[in-house]
Amino acid sequence: QVQLVESGGGLVQAGGSLRLSCAASGIIFNIRTMGWYRQAPGKQRELVASITSGGVANVVDSVKGRFTISRDNAKNTVYLQMNSLKSEDTAVYYCHMLASIYSPVADPSSSWGQGTQVTVSS
């Protein structure tokens, strides 16, 4: 069974910082990308940032300059450093992984974490 376990969410004042972590475990081969999505109440889930195994990062414009994504390939772990948080960053943040699971020749498939709540108070 493949699991993505997130940690680091919580309540923070506007302007503050949080660091999210997500560790993947299980029978995993060739992780293509890991990343973070978020879903605010009444809104669709949206991409925040993603990073390839080679370290190429993609960060959406709304958080560019404030959020940084990084990855530890040896630990199958991805991080999201969130600085200068705003009230509009309040959402449930989900970890995502695109990888071959159970077999190295399997087509890549998506796995999701359970989500971690980030609440920014103004």
Side-chain angles (χ1 to χ4, degrees):
Q1 183 179 0
V2 174
Q3 282 190 316
L4 301 181
V5 179
E6 301 137 333
S7 61
L11 173 64
V12 65
Q13 288 188 329
S17 298
L18 284 174
R19 188 189 194 215
L20 305 183
S21 300
C22 171
S25 63
I27 304 175
I28 303 168
F29 300 91
N30 191 16
I31 297 176
R32 273 66 161 185
T33 64
M34 296 188 78
W36 295 92
Y37 287 69
R38 67 185 180 186
Q39 187 167 18
K43 295 189 176 181
Q44 288 188 331
R45 190 174 297 189
E46 63 176 3
L47 174 69
V48 177
S50 63
I51 187 167
T52 69
S53 58
V56 178
N58 174 40
V59 180
V60 298
D61 287 344
S62 60
V63 305
K64 197 166 290 183
R66 300 188 297 120
F67 291 11
T68 302
I69 189 169
S70 60
R71 178 172 166 176
D72 185 334
N73 289 334
K75 296 181 179 180
N76 287 347
T77 299
V78 64
Y79 306 95
L80 186 68
Q81 178 66 44
M82 305 185 293
N83 299 329
S84 302
L85 282 160
K86 304 176 181 180
S87 57
E88 51 263 43
D89 296 318
T90 295
V92 178
Y93 283 69
Y94 295 91
C95 179
H96 173 262
M97 178 182 72
L98 183 67
S100 298
I101 60 175
Y102 304 120
S103 169
V105 298
D107 289 336
S109 59
S110 287
S111 298
W112 294 91
Q114 79 285 356
T116 185
Q117 178 70 47
V118 171
T119 303
V120 183
S121 63
S122 57

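We use all heavy atoms of the structure for the numbers below, so side chains are in, but hydrogens, waters and symmetry mates are not.
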key: Criterion side chain to side chain contact (heavy atoms under 4.5 Å, CB included) on R38 and T90, from CA distance to verdict   = CA-CA 9 Å; R38 67 185 180 186; T90 295; over 6 Å; no
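The cluster map of Ile, Leu, Val, Met, Phe, Trp and Tyr, joined by side-chain heavy atoms under 4.5 Å apart, puts V92 and Y79 in different clusters. Both V60 and L80 sit in one connected hydrophobic cluster of ILVMFWY residues. Membership requires side-chain heavy atoms under 4.5 Å apart, directly or through other members. Cluster annotation: L11 and L20 are assigned to distinct hydrophobic clusters (Ile/Leu/Val/Met/Phe/Trp/Tyr, side-chain heavy-atom contacts under 4.5 Å, transitive).
A 4.5 Å side-chain heavy-atom check between R45 and Y94 finds at least one atom pair inside the cut-off. Between M82 and R66 there is no side-chain heavy-atom pair separated by less than 4.5 Å. Between S25 and V5, every side-chain heavy-atom pair lies at or beyond the 4.5 Å cut-off. With contacts defined as side-chain heavy-atom distances shorter than 4.5 Å, the pair N58/T33 does not qualify. For the pair Q114 and L4, the minimum side-chain heavy-atom distance is 4.5 Å or more. Annotation: side chain of I28 is in contact with side chain of M97 (closest heavy-atom distance under 4.5 Å).
Screening S70, S50, C95 for a side chain to side chain contact (heavy atoms under 4.5 Å, CB included) with V78, the sole residue that qualifies is C95. For the side chain to side chain contact (heavy atoms under 4.5 Å, CB included) with E6, the lone residue among W112, Y93, W36 that qualifies is W36.
Nearest heavy-atom pair, L18 versus G9, reported as atom, atom and distance to 0.1 Å: CD1-C, 4.5 Å. Minimum interatomic distance between A14 and S122 (heavy atoms only, all atoms of both residues): CB-CA, 4.2 Å.
Under a 4.0 Å N-O distance rule, the pair D89/K86 does not qualify as a salt bridge.
How far CG of N83 is from CZ of R19: 11.0 Å, rounded to the nearest 0.5 Å. For the atom pair CG (L98) and NE2 (H96), the distance works out to 5.5 Å, reported to the nearest 0.5 Å. With values rounded to the nearest 0.5 angstrom, S53 atom OG is found 11.5 Å from M34 atom CE. For the atom pair I51 CD1 and I31 CD1, the distance stands at 12.0 Å (nearest 0.5 Å).
Checked by atom type and distance alone, the side chain of R71 never pairs as donor or acceptor with a backbone atom of G55 at under 3.5 Å. Looking at S100, its side chain does come within 3.5 Å of a backbone N or O of A106 through a donor-acceptor pair. Distance alone, capped at 3.5 Å, places no donor-acceptor pair between the S87 side chain and the V120 backbone. The backbone N or O of N30 lies less than 3.5 Å from a partner atom in the side chain of R32, making a donor-acceptor pair.
For K75, the NZ atom counts as loosely surrounded, since its 6.0 Å shell holds 12 or fewer non-hydrogen atoms of other residues, nucleotides or ligands.
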